[in-house]
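Here is the structure we will look at.
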Protein chains: 2
Amino acid sequence: MPMEKKTLKQRIVDASVVLFQQDGYHNVTVDRIVEHIGASKGGFYHNFKSKDALLYEIHDVFISYVIRQSQEAYDKYDTPISRLCALMQTLTHVFDLYQEHITVFYEESRSLSAEYSAIIHDKRSHYRKILQTVIEEGQQTGDFRAELPATIVTMAIVGMINWTYKWFKQSGPLTMEEITKVFSDMVLHAIVTEQAMEEAIQFMIKDKPAI
Amino acid sequence: MPMEKKTLKQRIVDASVVLFQQDGYHNVTVDRIVEHIGASKGGFYHNFKSKDALLYEIHDVFISYVIRQSQEAYDKYDTPISRLCALMQTLTHVFDLYQEHITVFYEESRSLSAEYSAIIHDKRSHYRKILQTVIEEGQQTGDFRAELPATIVTMAIVGMINWTYKWFKQSGPLTMEEITKVFSDMVLHAIVTEQAMEEAIQFMIKDKPAI
DNA sequence: CCCTAATAACCGACTGGTCGGTTTGCATTT
DNA sequence: AAATGCAAACCGACCAGTCGGTTATTAGGG
């Protein structure tokens with residue numbers, strides 16, 4: 001893994017993320033990618049073993065970033081409630097930065113070859129584990145309702161946030177900050193116990209007059 | 001639209017849903033579909049204008065069913081809370097019946113041609129509107145917290161439930177009933193106002209000792 | 001009820017085009 | 001002169017859709 005600066009490789013990744021997101025992996029030919037950046041097919045296969053390897057690169061950039069940021073968020077805080085909010089905020093924040101990557105990540109992962117797929121699957125599990133650990137720790141401290149199964153709660157939160165890649169548009173009427181606030185508010189109301197609600201309130205939406 | 005019994009057309013749909021779900025639309029050839037059911041390519045193109053038309057058929061079967069069932073659920077109940085619970089239950093219930101269809105629906109919709117895509121998009125919006133209407137009605141009656149934007153709440157619920165198609169396995173340790181209960185409990189805690197919480201409690205999980 | 005005719009359902013070899021990947025060649029750098 | 005980085009022509013496999021033909025189904029006249 002040598003240190004890259006502004007190579008053809010990087011330009012290929014940048015261009016193909018956009019193209020894959022728009023039209024899907026199968027509808028974007030290698031010819032079109034190289035034509036789009038004014039390069040050649042030879043240059044492409046000099047930098048990537050296969051079209052498949054390029055897809056893996058895109059996957060890895062994204063999931064590795066998410067894991068790194070989430071781990072940092074976990075370490076930075078020390079209560080289950082603050083950690084949960086930080087994790088949710090981290091995840092939604094990534095959508096502003098990596099929206100194309102995410103679309104490719106969730107729509108095209110099936111096109112990965114078996115070996116690449118296994119690596120990505122492990123990293124995905126790793127992320128899930130970070131979040132689930134926070135939920136479980138919160139249940140043990142009495143901050144989160146213990147009668148809710150941690151696995152289902154984890155997937156509910158993940159699903160709620162992940163689904164935004166299907167409908168959130170940066171050019172739309174809602175900002176990601178607004179969405180994050182509402183999501184955090186809903187999740188906290190959903191799982192925080194009555195006796196821990198006081199700490200959670202600072203992360204919540206202030207009551208305003210109705211719509 | 002004549003009345004069908006057990007036609008080749010139906011067998012093609014049944015087989016291709018499974019194949020598309022497993023390997024993706026682009027990785028399943030027409031040859032493979034017809035070989036899988038012991039039919040021929042001529043028979044296929046006698047029943048479908050194109051491979052694309054088959055994909056549309058699969059989409060339509062699913063989304064039309066969801067809309068019909070949801071409308072019935074709405075009509076059957078008369079309070080926002082009971083309607084919301086019925087809608088959520090309807091949606092999760094569909095996953096036990098149409099899991100393959102749903103995977104195809106959410107993974108392969110990009111492969112639809114423009115005209116088909118527009119029809120499906122409208123039906124999708126129609127469904128979303130049914131749910132969002134329930135949320136808004138609940139906010140007007142004071143059952144649901146009015147400080148939360150109805151659009152975001154709607155998408156949060158939809159996302160939470162829809163995401164199950166990515167991780168729920170019928171052979172896994174969790175049943176869809178369990179998941180539905182937890183989801184309903186979480187959503188009700190998240191959006192029901194304090195003064196309406198009494199009606200919501202009957203839909204919730206009884207407290208049990210910790211995990 | 002039977003035979004015939006017409007139509008609908010179905011078959012399978014073939015084609016035209018596409019696309020991932022290879023190969024060869026040519027500059028520029030070291 | 002040897003290695004690097006890229007260009008462009010090329011190859012072989014694959015696949016949606018076609019088309020001429022065959023079999024099953026139905027309708028109607030005798």
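Note on naming: letters A, B, ... go to the chains in the order of the sequence lines (proteins, then strands), and numbering restarts at 1 for each one.
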Worksheet item: Please walk me through it: do B/E107 and B/K166 pass salt bridge (charged side-chain N to carboxylate O under 4.0 Å, His left out)?
Response: CA-CA 10 Å; B/E107 304 267 319; B/K166 287 264 190 192; 3.1 Å; yes

Discussion item. So does A/Q21 get a backbone contact from the side chain of B/R110, meaning a donor-acceptor N/O pair under 3.5 Å?
Written reply: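 Yes, B/R110 side chain to A/Q21 backbone: donor-acceptor pair under 3.5 Å.
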
Rounding to an integer number of Å, can you tell me how far [X] [atom1] sits from [N] [atom2]?
| X | N | atom1 | atom2 | answer |
| --- | --- | --- | --- | --- |
| B/F48 | D/dT18 | CZ | P | 15 Å |
| B/K51 | D/dT18 | NZ | P | 15 Å |
| A/N47 | D/dA7 | CG | C1' | 13 Å |

Distance-only polar pair, side chains of [X] and [Y], donor-acceptor under 3.5 Å:
| X | Y | result |
| --- | --- | --- |
| B/Y116 | B/D52 | no |
| B/S109 | B/H59 | no |
| A/H126 | A/D122 | no |

Worksheet item: Taking the inter-plane angle between the rings of A/F48 and A/F44 on a 0 to 90° scale, is it parallel (under 30°), tilted (30 to 60°) or perpendicular (over 60°)?
Response: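 Correct class here is tilted.
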
Worksheet item: Can you give the first and last nucleotides of DNA chain C, 5' to 3', that have an atom under 4.0 Å from a heavy atom of chain A?
Response: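 Here the contact window of chain A covers C/dC19 to C/dT22.
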
Just the table, please: protein N/O against nucleotides 1-5 of chain D N/O, every pair under 3.5 Å.
from, atom 1, to, atom 2, distance (Å)
D/dG5, OP2, A/H46, NE2, 3.2

Worksheet item: Cationic tip of A/K51 within the cone over A/Y25's six-membered ring, i.e. under 6.0 Å and within 45° of the normal?
Response: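 Yes; both conditions hold, so A/K51 lies above the ring face of A/Y25.
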
Item to complete: Run the numbers on B/F168 and B/F95 for ring-ring contact (aromatic ring centres under 6.0 Å, His included), then give the verdict.
Response: CA-CA 9 Å; B/F168 175 69; B/F95 282 71; 8.1 Å; no

Fill in: Residue that, paired with A/Q132, satisfies side chain to side chain donor-acceptor pair (under 3.5 Å) out of A/E136, A/R128, A/K129
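The residue from A/E136, A/R128, A/K129 that satisfies side chain to side chain donor-acceptor pair (under 3.5 Å) with A/Q132 turns out to be A/E136.
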
Worksheet entry | Inter-residue atom distance B/L91.CG - B/T164.OG1, 0.5 Å rounding |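 Result: 7.5 Å between the selected atoms.
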
Worksheet item: What are the residues of residues 26-42 of chain B, sorted by number, that bring a heavy atom to within less than 4.0 Å of DNA chain C?
Response: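 By residue number: B/A39, B/S40, B/K41, B/G42.
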
